[in-house]
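Basis for what follows: all heavy atoms, side chains included, without hydrogens, waters or symmetry-related copies.
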Amino acid sequence: MPLRLPGTGNDIATTRGDLSFPLERIAVPTLVVHGTSDSAAPFAQGQAMAARIPGAELLAIEGGEHVSIFTHRSEARARVTRFLRAHAPAVEGSAP
């Protein structure tokens, strides 16, 4: 956990400021993972983000709270794995 503190501090500072990022300009495959019961960052924020990013996919973790990637690890891991496999660049000589 001590190694995560600088990143956590950055997250807190960023989310307390202006959140009007130009999400519509994101041009890479994007998977938004958000718990439907997140009280720290309401699910509506994840929905709005996915709607604003062109082609974004939303993984709504039903009943998931703020740390749902940990509490619903199997569900999150399976979907992230599929997403990464679908969007990974082809490597010459590798199996599809």
Next on the checklist: Applying side-chain hydrogen bond (donor to acceptor under 3.5 Å, both in side chains) as the test, list every pair that has at least one member in residues 58-70; sequence neighbours left out.
Outcome noted: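 Output for this query lists Asp38-His66.
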Checklist entry - Is there any side-chain hydrogen bond (donor to acceptor under 3.5 Å, both in side chains) pair reaching into residues 48-59, and which pairs are they, with sequence neighbours excluded? => result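 Those involving residues 48-59 are Glu24-Arg52, Glu57-Arg79.
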Next on the checklist: Applying side chain to side chain donor-acceptor pair (under 3.5 Å), can you list everything that pairs with Ser20, at least two apart in sequence or on another chain?
Outcome noted: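 Ser20 satisfies side chain to side chain donor-acceptor pair (under 3.5 Å) with Asp18 only.
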Checklist entry - So which pairs with a foot in residues 3-40 pass ring pair (Phe, Tyr, Trp, His ring centres under 6.0 Å), sequence neighbours left out? => result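 Sorted pair list: His34-Phe43.
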Next on the checklist: Suppose clustering is done on Ile, Leu, Val, Met, Phe, Trp and Tyr with side-chain heavy atoms closer than 4.5 Å. Which residues sit in the same group as Leu84?
Outcome noted: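 For the cluster that includes Leu84, the remaining residues are Leu31, Val33, Leu59, Ile61, Val67, Ile69, Phe70, Val80, Phe83.
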Checklist entry - For Gly46 and Leu58, which heavy atoms make the closest approach, and how far apart are they? => result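 Result for this residue pair: O-CD1, 4.1 Å.
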Item to check | Atom of Thr30, atom of Val28 and distance for their closest heavy-atom approach | outcome: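 Answer, listing the atom of Thr30 first, then Val28: OG1-O, 2.9 Å.
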Next on the checklist: When you measure from the side chain of Ser37 to the backbone of Gly35, do you find a donor-acceptor pair of N or O atoms at a distance under 3.5 Å?
Outcome noted: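 It does not hold such a pair.
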Checklist entry - Sequence neighbours excluded, which residues qualify as side chain to side chain contact (heavy atoms under 4.5 Å, CB included) partners of Thr8? => result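 By the side chain to side chain contact (heavy atoms under 4.5 Å, CB included) rule, Thr8 matches Arg4, Ile12.
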Checklist entry - With Leu3, which residues qualify under side chain to side chain contact (heavy atoms under 4.5 Å, CB included), at least two apart? => result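 Applying side chain to side chain contact (heavy atoms under 4.5 Å, CB included) to Leu3 gives none.
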Checklist entry - Distance from Leu5 atom CG to Asn10 atom CG, nearest 0.5 Å? => result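 Reported value, rounded in 0.5 Å steps: 12.5 Å.
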